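This report concerns only the one structure given below.
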Amino acid sequence: MMESKYNIGNTKNGVQKFQMKMKPIPVIFNNSNGPSSPKKIKLNDENRNPSNGQINNKPKISIQDQRRNLPVFDKRNKLLDLIKRHKTLIILAETGSGKTTQIPQYIFSARLQENGKIGITQPRRVAAVSVATRVAQEYGHGMSVGDTVGYSVRFEDCTSNKTKIKFLTDGMLLRESMFDRILMEYTVVILDEAHERTIHTDVLFGIVKRAQKTREDRNLAPLKIIIMSATMDVDHFSRYFNNCQAVYLEGRTFPVNIYYTIKPHDDYQTSCVATFFKIHREAPPNHDVLIFLTGQEEIEACAHRIRMLAKDPDVKGPSVKCCTLYAAQPGAQQMSVFQPAPPNTRKVVISTNIAETSVTIPGIRYVIDSGMVKARTFHPSTGLELLKVQKISHEQAWQRAGRAGRDSEGHCYRIYTRSQFELMEKTTTPEIQRANLATVALQILTLELHPNYFDFLDKPSKDAVGLACEQLKLLGAVNSVDSIILTPLGRKMSKFPLDPRFSKILITAQQYGCLQEALTVVSLLSGESILINPVTKQAEAQNVRQKFCSAYGDHVTLLNIFREFDTVGQNNRRTWCHEHFINMRNILHAREIRAQLEQVCKKCDLGVMSSCGGDLDRLRKCLVMGLFMNVAELVRDHHYITLDKKQSVQFHPSSCLHRQQPHLVLFTEVVQTNKCYLRGLTTVEAAWLQEIAPEYMKTHTLRSNSS
DNA sequence: GAGCACTGC
């Protein structure tokens, strides 16, 4: 049997061998605490309530008292005065200041929004929904969400004509801006969590700045812009917004003691385990631990080691409840992280960076920070995506440490030395500088601007913008790479919340009579993977799903799975998904996406919902319409070369085609890990390429024209 | 025959 890199195998030998090297050498930390954080961290008054009020055994304090207890409360008048006087304001606010829930209410009570709405963006759906719900409660007077206070996220618009305070995801405001580029619905726009620098917020910076100027020039109702951020680097934001005013707001979190290792540790996984047991011996049982690692396999391996070691009679300390947390996990498993550990038990959560910002786990007193993260980067010169384990930035390190100080004083053990820390990057590279920009370029073009001249806070590279424009031209969204005018096809493409290549597939599906199938495939590609591949039951998962596999490849296989799922009755779904190793949350999500895309198709007058039934050539040709620049041909045994950049690649082993070697395939993506792998494959024929993408084929010739 | 961090429309 093959041995996994991380020794998860359950063979007797594996475990025994594993146990031999399981007692990790203790990691020694520097005990002088040093600065606990570059930010000012203030200790809570005993009587004060944490703003989120999650963990609190003290008598209930009224909502209005809680509001008054927030640090931002004392600054209310000063803030309102600043907001009144400045058309753009940066609010630098620490965690726990209450900025997100309070500032919109202050503005509203002072009627600064006049006849318009206050829009507040959040990078994540859950945040937009939960903050809106909280503010509606605080606002009181029997109001429920959707009245004065509402939210708007994908698939869920909870607003009415009475709504004045509207929380929405940054992606949602970006989409709104494509219908009204000067955002006349709003008189105040607050871009919250700006320091996270999501690709959507970055584009919005340019859009609100421009909207403000345009409204000024045309004597329309002014647009107030408020940027709320936790970053220390205000100057950068301020310069961009014409040297606007910035104000600092202190927060309320508990002190976190930081420990660095005395010497560097290359095997950060083992060091994390060792550090956990050091804490485990010393800390009271109800003090929980959060460990940051990089990925699923590593996390499961680490969990296995901790569970094994915890059973060791030599190990001192209470019993251990070990949970893992990563996005690809089935929902139920994720929930167990939030359940408190039984009495006299220590909970340890091993997580990816999902616990950095997206998920808050109550009760964490200790954080162990490996200092590493798995990140996706994009290389515009090759068009290649790279998934790579790399060092985190200072920003991320402080964010991780802060997770130990949510409810009370905490501790953070960094599995790196102080000098290693000093060498890390200060900030995380903004997403816009490491992503495929095709969608962003299309969005900018809807504003009749050229992506080369868009006013970015931080410009993406010329290569990246060039590649995006080139792709849009190949797809027919523009007539030339310099054009700022979208073709009718390009305008239609911009209506879809999709990568332009996928929009193209849907728009042309009608002419191949396979819109139904195209919708299904694109929805499945657009959401997260529906396949679950547990490390220990991989063969079983692949066997049971074998019946769905198509000789045409992965896209048709996905279609088969979705079609079968649709025939399963509501009551049997959960069992069916479990038996077939299908992620139910993700397949239901894909179905939601499908419904939304179908609506967009109808709005674009794409005609009746045609189906190709069993004639799957039509679907495959239709996929070529959008993905002709993603084609690879066989050169020798299992080795392929991409038509576009002549990159040497292989099929990813998870593909249902990986044992076969068709002459020509199209792929959804190429990802470089240890090797360059193609994922999401469909076999195609050379003649189709000539027929469907004659322009492209003029500059890209196949090695062999025999198909 | 090997491994896919995380959001969002």
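Throughout, protein chains are lettered first and strands after them, A, B, ... in sequence-line order, and every chain is numbered starting at 1. Quick caveat, the model's predicted, so the values are computed rather than measured. The analysis underlying the following values was restricted to heavy atoms, covering all of them including side chains, and did not include hydrogens, waters or symmetry mates.
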Over how many whole Å does the gap from [X] atom [atom1] to [N] atom [atom2] extend?
X: A:Asp369; N: B:dA5; atom1: CG; atom2: C1'; answer: 15 Å
X: A:Asn586; N: B:dC4; atom1: CG; atom2: C1'; answer: 13 Å
X: A:Tyr151; N: B:dG8; atom1: OH; atom2: P; answer: 14 Å
X: A:Lys603; N: B:dC9; atom1: NZ; atom2: C1'; answer: 13 Å
X: A:Lys537; N: B:dA2; atom1: NZ; atom2: C1'; answer: 20 Å
X: A:Arg434; N: B:dT7; atom1: CZ; atom2: P; answer: 13 Å
X: A:Gln390; N: B:dA5; atom1: CD; atom2: P; answer: 13 Å
X: A:His658; N: B:dA2; atom1: NE2; atom2: P; answer: 9 Å

Evaluate the salt bridge (charged side-chain N to carboxylate O under 4.0 Å, His left out) criterion for residues A:Lys603 and A:Glu598: first the C-alpha distance (whole Å), next the side-chain angles of each, then the deciding distance (0.1 Å), finally the verdict. CA-CA 9 Å; A:Lys603 276 192 199 137; A:Glu598 195 174 321; over 6 Å; no
Tell me whether the rings of A:Tyr416 and A:Phe421 are parallel (<30°), tilted (30 to 60°) or perpendicular (>60°).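 Parallel: the ring planes of A:Tyr416 and A:Phe421 meet at under 30°.
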A:Phe548 vs A:His580 aromatic rings, parallel, tilted or perpendicular, using cut-offs 30° and 60°?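 Geometry flag for A:His580 against A:Phe548: tilted rings.
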Determine the contact category for [X]: base if any of its heavy atoms lies under 4.0 Å from a base atom, sugar-phosphate if only primed atoms, P, OP1 or OP2 are that close, otherwise nothing.
X: A:Glu196; value: nothing
X: A:Arg125; value: sugar-phosphate
X: A:His638; value: nothing
X: A:Asp170; value: nothing
X: A:Val153; value: sugar-phosphate
X: A:Ser654; value: base
X: A:Arg154; value: base
X: A:Phe496; value: nothing
X: A:Lys675; value: sugar-phosphate

OP1 or OP2 of B:dC6 sitting under 4.0 Å from any side-chain N/O of A:Thr352?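 For B:dC6, OP1 or OP2 has a side-chain N or O of A:Thr352 closer than 4.0 Å.
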Is the base of B:dG8 touched by the side chain of A:Arg124 through a donor-acceptor pair closer than 3.5 angstrom?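 When only heavy-atom distances are counted, A:Arg124 does not reach the base of B:dG8 through any donor-acceptor pair under 3.5 Å.
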Regarding B:dC9, can its base be found pairing with the side chain of A:Thr169 as donor and acceptor, where the two atoms are less than 3.5 Å apart?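 Between B:dC9 and A:Thr169, which were checked side chain against base, a qualifying N/O pair under 3.5 Å is absent.
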Of the nucleotides [options], which has the atom closest to the [X] side chain?
X: A:Ile354; options: B:dC9, B:dA5, B:dC6; answer: B:dC6
X: A:Pro653; options: B:dA2, B:dG8, B:dG3; answer: B:dA2
X: A:Asn353; options: B:dC9, B:dG1, B:dC6; answer: B:dC6
X: A:Arg376; options: B:dC4, B:dG3, B:dA5; answer: B:dA5
X: A:Arg175; options: B:dC9, B:dA2, B:dT7; answer: B:dC9
X: A:His200; options: B:dG3, B:dC6, B:dG8; answer: B:dG8
X: A:Asn533; options: B:dG3, B:dG1, B:dC6; answer: B:dG3

Working to the nearest 0.5 Å, report the span between CD of A:Glu193 and OG1 of A:Thr357.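 Reported to 0.5 Å precision, the distance equals 9.0 Å.
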Are A:Phe155 and A:His589 an aromatic pair, judged by ring center distance below 6.0 Å?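 Distance test on ring centres: under 6.0 Å, yes.
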Closest nucleotide of DNA chain B for A:Val373 versus for A:Thr439: which of these residues is on the 5' side?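 On the 5' side of the pair lies A:Val373.
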Quick one: on DNA chain B, does A:Ala328 or A:Asp499 contact a more 5' nucleotide (nearest heavy atom)?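 Nearest nucleotide further toward 5': that of A:Ala328.
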Is the backbone of A:Thr668 close enough, under 3.5 Å, to the side chain of A:Arg679 for a donor and an acceptor to pair up by distance?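 No, A:Arg679 side chain to A:Thr668 backbone: no donor-acceptor pair under 3.5 Å.
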Do A:Thr201 and A:Thr198 get their side chains close enough for a donor-acceptor pair, meaning under 3.5 Å?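 Per modelled atom types, A:Thr201 and A:Thr198 side chains form a pair under 3.5 Å.
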